[in-house]
Amino acid sequence: MGNRQRERYNRTLLDMLGTLKPTQKQNWKLYINPHVHAYNCTRNKSTGLSAYILMFGRNPRLGIGEFGINKTEWKSTSKYIND
């Protein structure tokens with residue numbers, strides 16, 4: 001018998017690594033940690049929370065600058081929805 005949850009996680013991780021460029025795939029080991037972190041920061045369908053929140057009790061601190069978004073461009077949720 002296998003561990004269904006572990007097998008599902010491995011399949012998801014492999015799918016994520018499959019999105020790498022061919023040159024990046026040659027060094028796939030370098031990309032496992034960022035992909036695992038992204039997976040852990042993503043909301044789980046069954047719990048409605050991310051694994052990160054369940055483990056640490058808070059949202060992860062992500063560098064918003066990495067995504068090219070200035071703090072001055074942030075909008076409230078209701079304003080974003082209305083726009």
Side-chain angles (χ1 to χ4, degrees):
M1 291 178 91
N3 182 337
R4 230 179 310 154
Q5 290 176 334
R6 179 58 48 197
E7 289 175 13
R8 176 68 182 127
Y9 169 77
N10 287 339
R11 183 173 41 155
T12 301
L13 184 59
L14 287 174
D15 289 345
M16 292 170 73
L17 290 172
T19 64
L20 296 173
K21 296 176 185 174
T23 55
Q24 293 172 321
K25 287 181 183 179
Q26 293 173 354
N27 296 319
W28 61 270
K29 293 177 187 176
L30 298 174
Y31 300 95
I32 287 187
N33 286 340
H35 281 81
V36 169
H37 183 68
Y39 179 86
N40 288 338
C41 293
T42 303
R43 187 180 316 181
N44 186 299
K45 200 184 255 186
S46 62
T47 63
L49 299 169
S50 70
Y52 192 97
I53 291 174
L54 294 173
M55 181 75 164
F56 299 108
R58 64 176 175 83
N59 286 316
R61 294 183 186 148
L62 302 174
I64 198 73
E66 296 175 24
F67 303 109
I69 300 171
N70 293 328
K71 203 171 188 177
T72 57
E73 295 175 8
W74 290 1
K75 298 178 183 178
S76 68
T77 305
S78 59
K79 173 129 177 72
Y80 179 80
I81 292 170
N82 288 333
D83 289 348

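The analysis underlying the following values was restricted to heavy atoms, covering all of them including side chains, and did not include hydrogens, waters or symmetry mates.
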* Go through the structure and list residues passing side chain to side chain contact (heavy atoms under 4.5 Å, CB included) with Asn59, not counting sequence neighbours. => Ile53
* Look at the side-chain heavy atoms of Ile, Leu, Val, Met, Phe, Trp and Tyr, link any pair under 4.5 Å apart, and say whether Met55 and Leu49 land in one connected group. => no
* Is the number of heavy atoms from other residues, nucleotides or ligands under 6.0 Å of Arg4 CZ greater than 12? -> no
* Structure fact -> The side chain to side chain contact (heavy atoms under 4.5 Å, CB included) partners of Leu14 (sequence neighbours excluded) come to none
Which side-chain N or O atoms in residues 31-44 pair as donor and acceptor under 3.5 Å with protein atoms at least two apart or in another chain?
| from | atom 1 | to | atom 2 | distance (Å) |
| --- | --- | --- | --- | --- |
| His35 | ND1 | Tyr31 | O | 2.6 |
| Asn40 | ND2 | Val36 | O | 3.4 |
| Thr42 | OG1 | Ala38 | O | 2.7 |
| Asn44 | OD1 | Ser46 | N | 2.8 |
| Asn44 | OD1 | Ser46 | OG | 2.7 |

* Asked: Less than 4.5 Å apart, any side-chain heavy atom of Gln5 and any of Arg8?
  -> no
